[in-house]
Amino acid sequence: MPQITTRDAVELYYEDHGGGRPVVLLQGYPLDGTAWEPQTLALIDAGYRVLTVDRRGFGRSSRVSTPFGYDELADDVAALLDHLDLTDVTLVGFSMGTAEVTRYVGRHGTGRLRSAVMLAAFGPGLLAGEDGIGFPSAIFDGIQDAIRTDRHQYLENYFLQHYVAEQNLGARVSAPTLTANAAVGAAASPSAMLHCVAAWKEDFRADLSRIDVPLLVLHGTEDRNIPIDIGARRIPAFVPTATIIEVDGGPHGIGVTHSEVVNPALLAFLADDTHGEASA
């Protein structure tokens, strides 16, 4: 299995397919690189080199218990790019992965990057600040309590919300997909699932302001995990040149439910890396 070992001795599993310009995909919580299947097939067919990496504690990477702060997670991304000496990279993050993209730039700059893409973006942060936008700390504490009490029930509930199942199940997402997603989460390190939640409280304002490459952001208007007013709509205040695409009716998991919007937008952006603003 292709693996790299980080400076703190964590083994990270990655996959590397295709040729051409590299696109590195960073998945959301609590998934692994297989979650990008709707995009990887399209990207490979379009002639890109497509890489996925399983986050520490998830998928086929080391089932470590700590640490899970975004400094460590961003350094893991850097370890992959450095190990393979990747340049002219487009970093694509989904949900938790969008904050990895942001913190990577904050800690390592954009020297290896051509552009960046965010699906269901964390924005400048999920924790409510002085402006009152965001979630109170008690929300994150409640998530951790639910994981401690019955992690498998939490996973079932999580993916029903992730896809807004009452609207999309059977139409835009299948029951086997929800089952498969929950199985991936169940196979993750329980400590990883628990402690990643604390990292969601981190602030990314300074990191966002350092993004000086073209940035595409796609966010569903019906996202119940990260409402669009907390996520994508706050990004232009920090990255004025960002292209923002609002996916009408899209839930959190837009890469699955709305791939007919996400994939063409992603491929068009990769082709020319333009700035601008749009709505879908």
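Throughout, numbering of the chain's residues begins at 1 and tracks the sequence.
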Rounded to the nearest 0.5 Å, the OH atom of Tyr13 sits from the CG atom of Asp32 at a distance of 9.0 Å
Q) In terms of side-chain geometry, is the basic nitrogen of Arg172 or Glu166 positioned less than 4.0 Å from the acidic oxygen of its partner? A) no
Full working for side chain to side chain donor-acceptor pair (under 3.5 Å) between His162 and Asn181: CA-CA 10 Å; His162 182 93; Asn181 285 177; 5.1 Å; no
Only residue of Leu84, Val92, Leu26, Val89 satisfying side-chain contact (heavy atoms from CB on, under 4.5 Å) with Leu51 is Leu84
Closest heavy-atom pair, Ala46 versus Leu267, reported as atoms and distance to 0.1 Å, is CB-CD2, 3.7 Å
With a 3.5 Å distance limit and no angle check, can you tell me whether Asn168 reaches the backbone of Ala171 through a side-chain donor-acceptor pair?
no
Here the gap from Ile147 atom CD1 to Met193 atom CE, rounded to the nearest 0.5 Å, amounts to 4.5 Å
Here the gap from Thr6 atom OG1 to Asp76 atom CG, rounded to the nearest 0.5 Å, amounts to 5.5 Å
Legend entry - side chain to side chain donor-acceptor pair (under 3.5 Å) between Glu15 and His17, intermediate numbers included: CA-CA 7 Å; Glu15 293 191 7; His17 300 286; 3.0 Å; yes
- Query: Do Asp141 and Lys201 sit within salt-bridge range, that is, some charged N less than 4.0 Å from a carboxylate O?
  - Reply: yes
Legend entry - Electrostatic pair Asp207:Arg107 at N-O distance under 4.0 angstrom: no
Report task. Apply the test side chain to side chain donor-acceptor pair (under 3.5 Å) to residues Ser95 and His252: give CA-CA distance (whole Å), side-chain angles for both, the deciding distance (0.1 Å), then the verdict. Result -> CA-CA 8 Å; Ser95 188; His252 195 59; 2.8 Å; yes
The residue among Ile244, Leu266, Ile245 that forms side-chain contact (heavy atoms from CB on, under 4.5 Å) with Leu218 is Ile245
For Ser61 and Arg55 the tightest heavy-atom approach is CB-O, 3.6 Å
**Item:** Salt bridge Glu72-Arg7, side-chain N to carboxylate O under 4.0 Å
**Value:** no
The reported gap from CD in Glu246 to CD in Glu222 (rounded to nearest 0.5 angstrom) is 11.5 Å
Checklist entry - Do NZ/NE/NH1/NH2 and the carboxylate oxygens of Asp75 and Arg56 come within less than 4.0 Å? => result no
* Asked: For Tyr48 and Leu270, what are the C-alpha separation, side-chain angles and deciding distance, and is it a side-chain contact (heavy atoms from CB on, under 4.5 Å)?
  -> CA-CA 9 Å; Tyr48 293 99; Leu270 289 170; 3.3 Å; yes
Quiz item: Which word best sums up how the rings of Phe204 and Phe122 line up, parallel for under 30°, tilted for 30 to 60°, or perpendicular for over 60°?
Solution: perpendicular
Tightest non-hydrogen contact, residues Phe94 and Gly253, listed as CZ-CA, 4.1 Å
**Q.** Close side-chain approach of His152 to Asp150, heavy-atom, < 4.5 Å
**A.** yes
One should read off an interatomic distance between Phe159 CZ and Thr179 OG1, to the nearest 0.5 angstrom, of 10.5 Å
Over 12 foreign heavy atoms within 6.0 Å of CD, Glu37: no
Rounding to 0.5 Å, atoms CD (Glu202) and CG (Leu126) come to a distance of 10.5 Å
